[in-house]
Amino acid sequence: MVLKVFFPSCCSSAESGILIGRWISEQNSAVILAVVHFPFIPAQVKQYLSEIQRVTKVSVSVLGSWSNSKQEKEESLSEFLEDLGTIFSHEPWIQISKEGDSKFWSCSTLQKHPNNPKEEEIILVYYDQRKVMLSHLHPPLDTTTSPDHRAEDASKLSAIFDTVAKSKVLFMTDRYDDGPIKLTHWQSDGVEASIIVELMKQASVPACMLLTFLLSLISGVCRSRVLKFWPLSFLWSKLSTCEQLGHRLQHLQVVSSNKKAQNQTQLMRKANIFVSLLIDVALGMLLMSWLYRKNRIGHLADTLIPVADHIAEELQDLLQWLMGAPAGLKMNRALDQVLGRFFLYHIHLWISYIHLMSPFIEMILWYVGLSACLGLTVALCILSDIIALLTFHIYCFYVYGARLYCLKIYGLSSLWRLFRGKKWNVLRQRVDSCSYDLDQLFIGTLLFTILLFLLPTTALYYLVFTLLRLLVVIVQGLIHLLVDLIDSLPLYSIILRLCRSYRLAAGVKFRVLEQQDGKPLRLLMQINPLSYGSVVQTYRLPTYSCYPKDSWTSLCKKLFLGELIYPWKHKGEKQD
């Protein structure tokens, strides 16, 4: 059999002593965690290891001996190291020695049953203890290999990573402690810490308590009956700004919660939300400083009214073109004139409304610009709502045309069933046979002819206003895609992958260091980081989309039947 010994590279220069770690019998592997230096009392070592086992729930024991002699190995030291195998009973007893400045190490096992003819082949694997302890091993996402094989490899690696990660208490003692036991591990020269981080942890406690109290008040107001009355409930459910504010409120509650993260996934989610909030607010402050510099708000207000007038004039020209002979098509003149004048009157009302609001637009934009301090996403959602309000007349035109077109399509389909002796059964939701008399067939034929000849005029108006509505929807969709990108992008995970890639481990790779006959094979275990695509896929945050997701088939079906596309979002529809 092959015996795999995982040895921390930080212990390669440690003084002679005994090796403590975990023996994984299923893999015939030994994970070395630290070296206990001479001199020591075996009873104190056993008591110390029992305390470590009680705290970490990891079966830590003495696995063997370590000899680092600058000179030739003495016979007394060799005999003493062999005698330690009788005091600390472990099978097999691993003996690792580094002789002088030699680049080859000797590694052997001491068997208590010398009659066993099998001689184990030893592989000595070096690993960076700090990186392995701080890293989080992710399950493999590769679909080329079989699931059973991937699960088996992942379980073997996770056993090694979990052993090092759970032994954090063992690494909290350094050589400056006054205890009876001296250890060598990755923190032997001093526990790794930061004064700035510790001060921030202490300062974050009262800040989180205050933020939690304020958020509880805001949540109480949002859940109160005041917002359930019709005008406020309608605005809260229809405006994307309110949805985004509610989404960010939930994020603040998650970040300010005093509940400790139970696992790595919850910790990364909190960190990603916190960094997303910081960057969102920072971008919003930059936008606000740009808007209020050089009177850009005033210039924007002065530009808004001429743009609205220009759009209204273009719509009037379009309607005048439709009321004539568009593209040489012969329309029903009576219906064409009625629809054209109806829509022209709406445009006249819209222009009057815009000019009535023109004295207050600069003040409204000035106060709206202050909302950018809540984040760039809130400012983008306000921009989307402003576009929806400024193009409300286009939305009305689209609704009128769609309802009229839909009425004619369903009327024609119902009358077509009448010609075939069929009818729609409302109770059973199916088409049944039915017999009609002569008067019904005559009236049906007359109505079918009227609807069929009026359909091209209605369809043309519906087509034009649907294209205008789609243009507005595409602009709003691009804005909401940017909002969803900022909300869902795991920025902390991406920064962690860029700066400390070993923290997000996808697996390991081994590099051969030295190989010689009669000596153990020496390998170096290196961590393979997650790819950036896997990082985004694993830690992507859920978002709240303002529009329901439709497939291309359902979208084309809605367009053909005249059903409304992308209606305003109903309250409570969550999109992940």
Can you tell me if D385 and S240 form a side-chain donor-acceptor pair at under 3.5 Å? yes
For the student: nearest non-hydrogen atoms of R248 and S276, plus distance: NH2-OG, 3.5 Å
Taking the side chain as C-beta and beyond, is there a heavy-atom pair between M285 and C373 under 4.5 Å? yes
Do P529 and R497 have side chains that get closer than 4.5 Å, going by heavy atoms? yes
For A379 against L287, the heavy-atom pair lying closest together: CB-CD2, 3.9 Å
Has the side chain of Q526 got a donor or acceptor atom that lies under 3.5 Å from a matching backbone atom of K509? no
From CA spacing to verdict: side-chain contact (heavy atoms from CB on, under 4.5 Å), L521, V512: CA-CA 8 Å; L521 175 63; V512 178; 4.1 Å; yes
Would you compute the distance between atom CE of M525 and atom NZ of K131 and round it to the nearest 0.5 angstrom? 11.0 Å
Does the side-chain contact (heavy atoms from CB on, under 4.5 Å) test come out yes or no for D128 and Y502, once each step is laid out? CA-CA 10 Å; D128 193 325; Y502 61 86; over 6 Å; no
Would you find a donor on one side and an acceptor on the other, under 3.5 Å apart, between the side chain of K4 and the backbone of Q27? yes
Separation between CG (L134) and CD (Q129), nearest 0.5 Å, reads 10.5 Å
Suppose we screen for ring pair (Phe, Tyr, Trp, His ring centres under 6.0 Å). Which residues come up paired with H37, at least two apart in sequence or across chains? none
With a 4.5 Å limit on heavy-atom distance, are the side chains of Y532 and L498 in contact? yes
Determine whether V36 and Y48 make a side-chain contact, defined as any pair of heavy atoms from C-beta on separated by less than 4.5 Å. no
When rounded to the nearest 0.5 angstrom, what is the spacing between OG in S29 and CG in L3? 7.5 Å
What residue among T109, I123, V31, L124 forms side chain to side chain contact (heavy atoms under 4.5 Å, CB included) with V5? L124
Test applied, side chain to side chain contact (heavy atoms under 4.5 Å, CB included); reference residue, I20; option that passes from L63, L170, I52: L170
Could you tell me whether the side chain of Q244 reaches within less than 4.5 Å of the side chain of D487, counting heavy atoms only? yes
Looking at residues at least two apart in the chain, or sitting in another chain, which of them share a ring pair (Phe, Tyr, Trp, His ring centres under 6.0 Å) with F7? W66, W105
In short, S9 meets S12 closest at the heavy-atom pair O-OG, 2.9 Å
Heavy atoms, side chains only, cut-off 4.5 Å: are Y539 and L504 in contact? yes
Give the minimum heavy-atom separation between P8 and F6, together with the two atoms involved. CD-O, 4.0 Å
For a 4.5 angstrom cut-off between non-hydrogen side-chain atoms, does L19 reach V35? yes
If you define the side chain from C-beta out and look only at heavy atoms, does anything of V378 sit under 4.5 Å from I382? yes
Give me the atom names and distance for the closest heavy-atom approach of F171 to L33. CE2-O, 3.7 Å
Supply the atom-to-atom distance H136 NE2 to S158 OG, rounded to the nearest 0.5 angstrom. 10.5 Å
Just by modelled atom types, is the I486 backbone N or O under 3.5 Å from a matching donor or acceptor in the D280 side chain? no
Inter-residue atom distance R130.CZ - S135.OG, 0.5 Å rounding: 11.0 Å
What verdict does the side-chain contact (heavy atoms from CB on, under 4.5 Å) test give for T377 and H247, after you've listed the backbone C-alpha separation in whole Å, the side-chain angles of each residue and the deciding distance to 0.1 Å? CA-CA 11 Å; T377 55; H247 187 48; over 6 Å; no
Check the pair E243 / C381 against side-chain contact (heavy atoms from CB on, under 4.5 Å), numbers first and verdict last. CA-CA 9 Å; E243 288 289 336; C381 288; over 6 Å; no
Is there a donor-acceptor contact under 3.5 Å from the side chain of Q53 to the main chain of V60? yes
